[in-house]
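Working notes, beginning with the structure itself.
What you are looking at is a predicted structure, and each value in this text was computed from that prediction instead of being measured. Convention: sequence-line order gives letters A, B, ...; per-chain numbering from 1.
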Amino acid sequence: MAYDPAELERKWQRRWEEARLGEAEPDDREKFFMIFAYPGVSGYLHVGHMRGYTYTDVLCRYMRMRGYNVLFPVGTHATGNVSVTLAKKVEKGDERWLEYLRYNGCPEEEIPKLADPKEVVRFFSSVYVNDYWKRFGFLADWRRFTTTIDPGYQRFIQWQFLKLHELGLLVQKPYYATFCPADGPVAVDPSETDISRGGNAEKMEYTLLKFRMDLDGEEVFVVAATLRPETVFGQTNFWADPEVEYVKARVGEEIWIVSRPAAEKLAFQKGGVEIVGTVSGRDLMGKECLAPGVDRWIPILPSRFCDPNVGTGLVTSVPSDAPADWMGLYDLQRDPELCRRYGLDPERVKAIQPIPIIKTKGWGPLPAVEICEKMGIESQDDEEKLEEAKKEIYKAGFHTGVMNENCGEYAGMPVEKAKELVKERLVAEGKADIFYDLSEEVICRCGERVVIKRIDDQWFINYSNPDWTEKSVDAARGMDILPREYYDNMPGVLEWFQDRACVRMGSWLGTPFPLDDKWTIEPISDSTLYPIYYLISKYVNDGSLPVDAMTPEFFDYVFLGRGEAEPLAGRLGLDASLLERIRKDVLYWYPLDINLGGKEHMTVHFPVFLMNHVAILPGTLWPRGIFAHWYIVGKGSKISKSKGGAEPIPYAVSRFGVDAMRLFYCNSGSPFVDVEWDEDLVVRYKSRLERLYNLFGELKEGLEGAAPSPVDRWLESRLSTVVEGVIRALEERNFRQATNLVYVDLPADIRWYTRRGGSGGDGGEVLGRILREWALLMTPFTPHLAEELWEMMGSEGFASTASFPTPGERYPDAEAGERLLRETMKDMDQILRVTGITPRRILLYTAPGWKHRALHELMEGKDVGSVIKGLMADPEVRKMGKAVPAYVQSAAKDVKKMDEALREYYGMSLDEYEILAAAREFLAGEYKAEVLVFKADDPGMEDPGNKARHAAPRRPAIYVE
RNA sequence: GCAGGGGUAGUCAAGCACGGCCAACGACGCGGGACUUAAGAUCCCGUCCUAAGUGGUUCGUGGGUUCAAAUCCCACCCCCUGCACCA
C-alpha cells in the first residue's frame, strides 16, 4: 500500500476522537498540565503559527506515553479591538478583506454574519479548533475550550481583579493615552489595527518653557516646547514665525501664547484651556521676553522653521547646541534688510553670540556651529541636513555631554542627569510645564487626528511593587524556563516591568472592570491567570455549572480553598459535591507545568502570567515552567503569498501532510531560533516519511523465517542507545536531536544491519521488536504514520496510549566490534580512492600484542619511560627496536586526548582479529575482492607491502593490490 | 539609546552552558558508483587543502588563558528583535 498521509490523518484522527484520547480526568497517576498561550482572534493563521502548537502536542504526547495523566486544553483570546476591527471591515464591505476571507475558504453564507464582532470570535475560534488544531492531530481536551468573552470567563476575570484590589495591587493615577477624539483610546503601533497612518509615532515628553512678557500692557507667556530642558542656560533669543497666527489661550490663571494646534492638543492634557484671542507672529517681533531658568530678557526674532504642528509652534533658541537655531541666527545676522522689515536693530541682532554650555566628547564648545560648518549647511531651509545634524548633536550631547561652568549649580553634571533635574526644578517653580505629543502625525481609522489625552483616573496594576516583584523573582528562580538565556533574564524582566494601565474605555470586547464598569479590562491584563480557568470551563460548557453561581465566593472556594462547600453550595444553588469536585480538580491539576508561547511573550505575557499567579494563588499553585519558542519566518522577509507559507493551513496540510509538517517544526532547527519556512524542505520530510513507511513494510515482510545473525545483538544495543538518547533529548526539549535519532540514525542503523546480513533474528523476533519500538518512538512527532506502522505490526491498542520505550540491554562489545569494522572500511575506502586501485586482494593486519599492552598501560596512567622499559624486557619485543619507543610516545599523546567514551572504546578487550576474520566474507562482497586478515605479530604472515608494522590497536594496517 | 539574541565550511543548520572521539551532527545541493532496458526512486561513497589512511589550515576580526578553544576571558566590526496598553 502506498503512503497516503491524508488517508492516515482521516483514519487515525477519527479513531482518536472516538476514543476521546484527549479528555483528561484526575486519577492516581502523576499529572502533566501544559498549554500554549492561546492565540488572539486575528483572522486566519499561517503555517508559522503551528510551530509552537505542535511542540505542545509533541510534549503532551510524550508525557502521556511516559505514564503521565496529561491535560492539554485550548482556547482563544478574543478581548480587545481586533475582532471589532474585522467586523467593521465586513460591515463596510472592505473588498480586500472579503477577498481574504474567500481565499481562506470562508463559506459564503458566513460572511455577512461576520459584521458582528462576537460572530467573528465564534467563527475563528471554530477555524482554529477544527481546521488547525484537530487537523494537526492534537490530543487536546476539547471539552474545556473557552474564549475570553465567554460569560464564565468574565466572571473569573472579575474575581481576579477583585483579588488584586483586595491585595492593594490596583492603583489609580494620571495617564497620557493616545486618543482619538471620536473613537476614544487607540493603539499606536506599526501593525496599525486602530489607525490609518503614523504607526511608528512615538510619544514624546516635551518641557514647555514659559517666557513672561508684556503684550500691550497685559502679562502673557510665550511658550516654547523643548526636548532639551537642560539647554536653557544657552538661550540667546526666542523664535516665532512672523507669518503664523498664534492664539492666546487661558490656561488656569495665565494667558499662554502658542500655535492653534498646540492649544487644541493642550486642551486634552490640561483642564480648562480656552482660546481667548489671537496674536500675529509679526506682532511679537523684537519684543523682549524673560527666559526661564536663566532669568534673562531675550528678544523674539523671526524664523521659518517654527512648525505650528510641532510642539507649541514656538521655539527657544540655543544656537550653541541646536543647529537650526544657529542657522536661524546666521541667516538673520547676514540679512540686515530682513531685520529692518521686522523693526529689528541689525546691530543688536549681530551682537548675539552663542553661549557654550555643554562639553561634548569629540566636539568643541559650540557643537551646533561646528556641525553646520562640517556638513556644509547653508541656511535654515536645509531641513534634511539640519535634522540629521540635530540627531547627531543630540545623541552625542545626551550620552557624553557634561554641563559647563555657565550652568550654575549644574556645572560638571552629566547631561543625562541635568536634563531631569532642570526640568523638575523649572516645573516646580512654575516656569515650565509638561506636554506630551506624538513624534509624527497619527490618523485614526475614522479619519480624526490622534492626540495625547490625559486620563486622571486611569487604573494600573502595580507591577512595580517591590515586594511583589521580589517574590516573583524568587518564584522564577525555581522554575523551569526555556531557553536558558530567558531564565537568566527573567529577574531583569520582572524588575523592569512597570505599572500597567489595565483598563480602557471605548467599544472593545472584554470584561467590565468590577470596580467601575465604565472601564473594560484590556487584553494583556485579562490573560494572565487563565490556565486555571480550564479546570472550570469544562463544567460551564457541559451545563453543570451555571454562570450565575460563579460568584467571588465560588472562586475563593475552588481556587483558594476558602469557606466550606456545604453552606456555600446552598447559597449558590449548587451541589456541594460539584464544588468539592472542582476543588479537587484544581488541587490535582494545578500548578501548570508548562506555559508555551512565542518569543513576543517574553517581555509582556510571561512576566504578568507569573506575577498574577504569585499575587493571587498560594505558592503551591505557582507555575512550574515557561517555554518561549522563536518563529517560522518567510524567506528573506515575512511569511508572504509570493514566497510561500501564506497559504491557508488546511491547504498546506493537504499538500505536505500533517506528519511532514510536524517533523519539519521539530527537526529543521532549534526551537530557540527563527527558522525559514521552506516548502522544498517540507516536501523532503514528506518523502523521507514515505521512505520510512516503505522500508518498514519491506522489513516486516522479511520477518517470517528470518534467521539469527551476528549483528542482532549489535542492533538491539543500538536501539537501546537510540531510546536512551531520545528520552534524554526530550527531557531537554531538544526536538531536533530526538527526531534526528528516530528518523535518521535509527533507520541508518537498520540499513547497516541488513547490509551486514541481518534479517530479523530468530524468526524475526529481534527486528520485529525493534520495529514496534521504532513506531512508538515516532508517535509523539508523526503520530498518524506511527499509529499506522504500529497497527501494521499487529499491535494491540493505540500507539498513542502505549508506553514509551525504555532503554534495553546494551552490548558495548557488539557496538565496538561494528565500529572497528566500519572505521576500518572507512580507511580502506580512503586508500582506494586516493590510489585509484580496483582491488583484487585486500590484506588486513591487526595490531601486535605488545602494542595493545602498551596502550593499556598508558591508559592506566603509567609513564612513557616505564612502559617502554617494561616492553623492552621482552626479548621478542626488543627486536622491534626503535619502533617501540616511537609507538609508545605517539600513543601517549593519543591517550591524553581521549575522553570518557573513547577510553571505553579503546579500553575494552576486543579480539580484533576474530572480528575482522568473521567479517571476511562480508568485506569480500562489499569490495568484490579477496580479503585476508592477519595478526601483525604472526611470524608466518604474508606482508608484500610491508604494511603490518603500521598496525595499531583499533587501527588495523591495510594493504590493497 | 536601553534591553535581548546572533555571526560556523556552496546553502540551511547542530555544537558553545559541562574546553579534549570537532575537519566540526544532519539535511540540501553537487560529483562518482550500484540497481534499472531507460528515467525516477532507493542504496553506497565522496564533497577545505594535501595524501596509500594516523598530516595541514578552518568556525565574524584581533588579542588573551590553557598541554588543548568553534567552545572560556577582553576589545572591535556587522546583523536581527523588543521597548508597553500592542496580541
Side-chain angles (χ1 to χ4, degrees), chain A residues 37-42 77 79-82 175 177-178 185-194 199 202-203 395 398-399 416 458 460 483-486 488-489 492-493 496-504 522-525 527 597-605 630-631 633 635 667-670 672-676 678 680-681 684-685 687-688 690-691 694-695 734 736-737 739-740 743-745 748 751 754-755 819 823-837 890 893-894 896-906 926 945 947 950 952 955 957-960:
Chain A
Y38 51 24
V41 173
S42 58
H77 190 213
T79 317
N81 67 332
V82 181
Y175 176 65
T178 44
V186 292
V188 174
D189 83 327
S191 66
E192 297 184 348
T193 45
D194 288 0
E202 283 179 71
K203 202 193 291 180
K395 197 161 129 184
F398 182 75
H399 293 286
E416 237 172 301
Q458 173 70 46
F460 289 76
R484 171 71 204 207
E485 291 79 3
Y486 184 41
D488 293 338
N489 293 336
V493 172
W496 159 87
F497 211 95
Q498 293 301 301
D499 292 357
R500 186 180 181 91
C502 59
V503 294
R504 57 200 316 174
E522 63 85 33
I524 295 299
S525 301
S527 53
K599 62 178 176 181
E600 76 276 20
H601 294 305
M602 291 200 296
T603 52
V604 185
H605 168 249
W630 269 233
Y631 301 149
V633 296
K635 271 190 179 171
N667 189 63
S668 60
S670 148
F672 313 121
V673 296
D674 289 334
V675 167
E676 282 182 8
D678 182 342
D680 296 342
L681 186 53
R684 288 196 294 266
Y685 280 113
S687 57
R688 172 173 289 271
E690 181 171 16
R691 234 177 299 155
N694 294 334
L695 172 67
N734 189 340
R736 184 188 158 90
Q737 170 76 9
T739 47
N740 259 349
Y743 298 88
V744 180
D745 290 7
R751 278 198 305 272
T754 53
R755 185 173 163 197
R819 177 171 171 172
E823 287 183 357
T824 305
M825 286 173 74
K826 210 154 187 137
D827 282 347
M828 288 158 68
D829 290 338
Q830 215 169 136
I831 292 166
L832 292 176
R833 180 160 32 88
V834 170
T835 59
I837 295 171
S890 82
K893 253 189 232 164
D894 294 341
K896 209 170 180 182
K897 283 207 264 181
M898 285 179 188
D899 69 356
E900 200 81 8
L902 254 198
R903 292 187 78 88
E904 190 192 328
Y905 175 55
Y906 276 91
E926 288 285 317
K947 290 287 176 190
H950 289 126
R955 203 84 208 232
I958 299 161
Y959 178 70
V960 300

Original post:
C85(B) phosphate, OP1 or OP2: any side-chain N/O from R500(A) under 4.0 angstrom?
Top reply: no
Original post:
If we take the C1' atom in both C28(B) and U47(B), what is their distance in whole Å?
Top reply: 13 Å
Original post:
Counting side-chain heavy atoms from CB outward, which of A87(B), G53(B), G46(B) is closest to K826(A)?
Top reply: G46(B)
Subject >> C25(B) base / R736(A) side chain donor-acceptor hit below 3.5 Å >> reply: yes
Original post:
Of the candidate nucleotides C44(B), C85(B), A14(B), which contains the atom at the shortest distance from the side chain of F460(A)?
Top reply: C85(B)
Original post:
Does a side chain donor of either Y743(A) or N667(A) reach within less than 3.5 Å of an acceptor in the other side chain?
Top reply: no
Original post:
Which of these nucleotides, G5(B), A87(B), A27(B), is closest to any side-chain atom of R688(A)?
Top reply: A27(B)
Subject >> Atom C1', compared across A84(B) and G64(B): separation rounded to whole Å >> reply: 42 Å
Original post:
Does the ring of Y743(A) lie flat against the base of G26(B), closer than 5.5 Å centre to centre with planes under 30°?
Top reply: no
Subject >> Side-chain N,O (Y905(A)) to OP1/OP2 (C21(B)) below 4.0 Å >> reply: no
Original post:
If you check the N740(A) side chain, which of C85(B), G26(B), C21(B) turns out closest?
Top reply: G26(B)
Original post:
Between A51(B), A52(B), G53(B), which nucleotide has the shortest distance from any of its atoms to the side chain of Y959(A)?
Top reply: A52(B)
**OP:** Please list every stem that involves RNA chain B, where a stem is a run of 3 or more consecutive Watson-Crick or G-U wobble pairs with both pairing distances under 3.5 Å.
**Re:** B:1-7 with B:77-83, B:10-12 with B:26-28, B:29-34 with B:42-47, B:60-64 with B:72-76
Original post:
Which value, in whole Å, describes the distance between the P atoms of nucleotides G60(B) and A70(B)?
Top reply: 10 Å
Subject >> V834(A), nearest nucleotide to its side chain (from A84(B), A52(B), C86(B)) >> reply: A52(B)
Subject >> Whole-Å P distance, U50(B) and G15(B) >> reply: 32 Å
Original post:
If only atom types and distance count, is the side chain of H77(A) paired as donor or acceptor with the main-chain N or O of P523(A) below 3.5 Å?
Top reply: yes
**OP:** Look at the side chain of R833(A) and decide which nucleotide, out of U54(B), C85(B), A51(B), has an atom nearest to it.
**Re:** A51(B)
**OP:** Name the closest nucleotide to the T835(A) side chain, picking from A87(B), A52(B), A51(B).
**Re:** A52(B)
Original post:
What distance, rounded to whole Å, do you find between the two P atoms, one in G63(B) and one in U71(B)?
Top reply: 14 Å
Subject >> Euclidean distance for C1', A68(B) against C78(B) (whole angstrom) >> reply: 30 Å
Subject >> D680(A) with R684(A): basic N within carboxylate O range, under 4.0 Å >> reply: no
Original post:
In whole Å, what separates the C1' atom of A75(B) from that of C67(B)?
Top reply: 26 Å
Original post:
Quick one: is R751(A) getting a side-chain N or O under 4.0 Å of the C43(B) phosphate, OP1 or OP2?
Top reply: yes
Original post:
Have S525(A) and E522(A) got a donor and an acceptor in their side chains that come within less than 3.5 Å?
Top reply: yes
Original post:
Is the shortest side-chain N to carboxylate O distance from R755(A) to E926(A) below 4.0 Å?
Top reply: yes
Subject >> P-based separation of G31(B) from A41(B) [nearest Å] >> reply: 13 Å
Subject >> NZ or CZ of R819(A) within 45° of Y905(A) ring axis and under 6.0 Å >> reply: yes
Original post:
T603(A) side chain: which of U54(B), G82(B), C85(B) is closest?
Top reply: G82(B)
Original post:
Would you say the side chain of R819(A) and the base of C21(B) hold a donor-acceptor pair, judged only by whether the two atoms sit under 3.5 Å apart?
Top reply: yes
Original post:
Between A52(B), A87(B), C85(B), which nucleotide gets closest to the side-chain atoms of K947(A)?
Top reply: A52(B)
**OP:** May I ask you to verify if any side-chain N or O of R504(A) is less than 4.0 angstrom from the OP1 or OP2 atom of C86(B)?
**Re:** yes
